[in-house]
Amino acid sequence: MIKNLRFELSFKDIFQLESKLKFCISNNINKINIPCKGCIKKTFLNKTIEYIGENYSELDVIYHYSLYHQYTNNVEASYVEFLKFMDRLSRYNNEDILIVSGSNKKKNFEILDVLNNLTNEKFLTFKIGTAYNPYLKKHYKILGERLRFEQKNSSGLINSIWIQFGTDINLLESEFNFLKKSTFNNHNNHNDNIKFFGSLLIPSKQFIARFKFRPWKGVYIAEKYLYSLDEFYRFTIDLIEFYLDNNICPVIETDFYSKEKLDDIYTLLKK
């Protein structure tokens, strides 16, 4: 399973990207995700695709596409830019993409709109992923995640499901069972092998301090884990066990750019 881990890279410029890519390669990490947030969007995201494609073609890269961050002028122009983005990916033999609506959905340009448009594209070869947050209804009083997923899944275009991080395993198990049942019963889906990925945040004093100061939107972490590193560590072991037992590929979304931090991750996965 360690070989199948995915690591999300965060960087501010090409020089930092280069440094982190070299770290990944020197530590036998070849499955990476490039988010679409912060400064990694629009022109810089395009430059990133070209830079990695021309210099690190051996890497297995999955790019994220935030419809909110990538919105341009109007819906029609934004969709054209999205198609250009996929064309740019295909030039470098990237086949997978994770599409997210973003924290603030754009009217008539969120994932359901885009999936509806893509069903009319004749030569679509991409494997499309969608995010799912199991914790919205209970912990954030936001309804509709299940319904939205069923609508996305009915497009027949979904190839992977990316599960948000949270610290309620009972709720995660319930929602994961729903996802499996929903994908199995969807007759419009021509893909019998939908992949599941699960966000994994590695606990540390630094991460807890940052999260307390500025919580990540839509990420549920129970208070007891924010005030006890040992409790958070034990929960993470349980979450990893759940992921591995259910063939969910962990995606490391916290800082791993040192030998010590990488060793901590591998230690957790071996417990």
Side-chain angles (χ1 to χ4, degrees), residues 1-2 4-12 20 23-24 27 29 31-38 40 62 64 66 98 100 102-103 129-136 138-140 142 145 160-176 179 195-271:
M1 178 52 73
I2 287 178
N4 292 326
L5 282 178
R6 301 202 68 89
F7 292 80
E8 184 175 296
L9 294 189
S10 295
F11 47 92
K12 295 180 179 179
K20 291 184 176 183
F23 175 84
C24 288
N27 287 280
I29 295 171
K31 298 178 185 293
I32 65 172
N33 281 41
I34 303 295
C36 179
K37 59 185 179 181
I40 311 174
I62 295 179
H64 303 188
S66 167
L98 169 59
V100 296
S103 55
T130 184
Y132 188 85
N133 192 331
Y135 312 99
L136 288 180
K138 180 176 179 181
H139 296 289
Y140 295 95
I142 299 174
E145 187 75 345
S160 61
I161 301 168
W162 299 71
I163 300 171
Q164 178 64 280
F165 181 85
T167 58
D168 188 333
I169 285 188
N170 291 332
L171 185 55
L172 172 61
E173 182 176 12
S174 172
E175 294 302 293
F176 179 66
L179 291 172
K195 295 180 181 179
F196 287 89
F197 298 88
S199 172
L200 189 60
L201 306 180
I202 305 302
S204 67
K205 290 181 179 179
Q206 184 184 47
F207 171 76
I208 289 174
R210 288 180 175 177
F211 191 88
K212 284 181 182 178
F213 177 71
R214 184 174 294 172
W216 294 10
K217 188 171 183 178
V219 175
Y220 166 74
I221 299 179
E223 287 288 309
K224 65 179 178 179
Y225 301 124
L226 294 176
Y227 290 91
S228 172
L229 184 58
D230 289 339
E231 287 287 340
F232 202 164
Y233 193 86
R234 281 191 285 271
F235 164 78
T236 305
I237 293 172
D238 291 339
L239 180 62
I240 290 171
E241 183 178 1
F242 179 86
Y243 281 170
L244 300 188
D245 287 347
N246 289 282
N247 199 29
I248 300 171
C249 175
V251 182
I252 310 301
E253 295 187 22
T254 42
D255 182 8
F256 63 92
Y257 311 111
S258 71
K259 195 66 171 62
E260 293 75 18
K261 290 177 180 177
L262 204 54
D263 286 343
D264 286 343
I265 293 171
Y266 291 153
T267 298
L268 277 169
L269 285 160
K270 291 176 181 178
K271 287 188 177 292

- Message: For a side chain to side chain contact (heavy atoms under 4.5 Å, CB included) check, start with the C-alpha distance between Leu172 and Leu239, then their side-chain angles and the critical distance, and finish with the verdict.
- Response: CA-CA 10 Å; Leu172 172 61; Leu239 180 62; 3.6 Å; yes

Distance-only criterion, 3.5 Å: show the donor-acceptor pairs between side-chain atoms of residues 213-229 and protein atoms not counting sequence neighbours.
residue	atom	partner	partner atom	Å
Ser228	OG	Glu231	N	3.2

If the condition is salt bridge (Lys or Arg N to Asp or Glu O under 4.0 Å), which residues does [X] pass it with, not counting sequence neighbours?
| X | result |
| --- | --- |
| Lys12 | none |
| Lys37 | Glu8 |
| Asp263 | Lys259 |

Using residues 249-256 as the side-chain source, report each donor-acceptor pair under 3.5 Å to any protein atom, sequence neighbours left out, with the distance given to one decimal.
residue	atom	partner	partner atom	Å
Glu253	OE2	Ser199	OG	3.0
Thr254	OG1	Ile202	N	3.0
Asp255	OD1	Tyr257	N	3.0
Asp255	OD2	Lys261	NZ	2.5

- Derivation of the side chain to side chain contact (heavy atoms under 4.5 Å, CB included) call for Leu262 and Ile29: CA-CA 10 Å; Leu262 204 54; Ile29 295 171; 3.9 Å; yes

- Message: Just so I know, are the side chains of Trp162 and Ile62 near enough to count as touching, which here means a heavy-atom distance under 4.5 Å?
- Response: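 Counting from C-beta outward, Trp162 and Ile62 do come under 4.5 Å.
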
- Item | Heavy-atom side-chain contact between Ile163 and Glu175 under 4.5 Å |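 Ile163 does not reach Glu175 side chain to side chain.
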
- Set of ring pair (Phe, Tyr, Trp, His ring centres under 6.0 Å) partners for Tyr135, sequence neighbours left out: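 Here no residue qualifies.
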
- For Phe165, what residues pass the ring pair (Phe, Tyr, Trp, His ring centres under 6.0 Å) criterion, not counting sequence neighbours?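 Scan of Phe165 (ring pair (Phe, Tyr, Trp, His ring centres under 6.0 Å), adjacent residues dropped) gives none.
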
- Message: Go through it in stages, so that I can follow the logic: the residues are Asn247 and Phe196, the test is side chain to side chain contact (heavy atoms under 4.5 Å, CB included), and I'd like the CA-CA distance, side-chain angles, deciding distance and then a yes or no.
- Response: CA-CA 7 Å; Asn247 199 29; Phe196 287 89; over 6 Å; no

- Message: Ser204 vs Asp264, test: side chain to side chain contact (heavy atoms under 4.5 Å, CB included). Steps then yes/no.
- Response: CA-CA 10 Å; Ser204 67; Asp264 286 343; over 6 Å; no

Between [atom1] on residue [X] and [atom2] on residue [Y], distance to nearest 0.5 Å:
| X | Y | atom1 | atom2 | answer |
| --- | --- | --- | --- | --- |
| Leu9 | Ile34 | CG | CD1 | 4.5 Å |
| Phe232 | Ile208 | CZ | CD1 | 6.0 Å |
| Leu269 | Tyr243 | CG | OH | 11.5 Å |
| Asp238 | Thr167 | CG | OG1 | 11.5 Å |
| Ile265 | Leu200 | CD1 | CG | 7.5 Å |
| Leu179 | Ile161 | CG | CD1 | 5.0 Å |

- With sequence neighbours left out, write down each residue that passes side chain to side chain contact (heavy atoms under 4.5 Å, CB included) with Asn246, or none if nothing qualifies.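 Testing Asn246 for side chain to side chain contact (heavy atoms under 4.5 Å, CB included), a comparison that skips the adjacent residues, returns Phe176, Lys180, Phe242, Ile248.
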
Minimum heavy-atom distance between [X] and [Y], given as atom pair plus value:
| X | Y | result |
| --- | --- | --- |
| Ser160 | Gly129 | OG-CA, 3.0 Å |
| Ile40 | Pro35 | CG2-O, 3.3 Å |
| Ile169 | Phe235 | CG1-CE1, 3.6 Å |
| Arg6 | Ile32 | NH2-O, 2.9 Å |
| Asp168 | Lys138 | OD2-NZ, 3.3 Å |
| Leu5 | Lys31 | O-CB, 3.4 Å |

- Message: My understanding is that only residues two or more places apart in sequence, or in another chain, count here; which of them pass side-chain hydrogen bond (donor to acceptor under 3.5 Å, both in side chains) with Asn133?
- Response: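 Per chain and number, Asn133 pairs via side-chain hydrogen bond (donor to acceptor under 3.5 Å, both in side chains) with no residue.
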
- In chain order, what residues pass the side-chain hydrogen bond (donor to acceptor under 3.5 Å, both in side chains) check against Thr130, with sequence neighbours excluded?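 Residues passing side-chain hydrogen bond (donor to acceptor under 3.5 Å, both in side chains) with Thr130: Lys152.
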
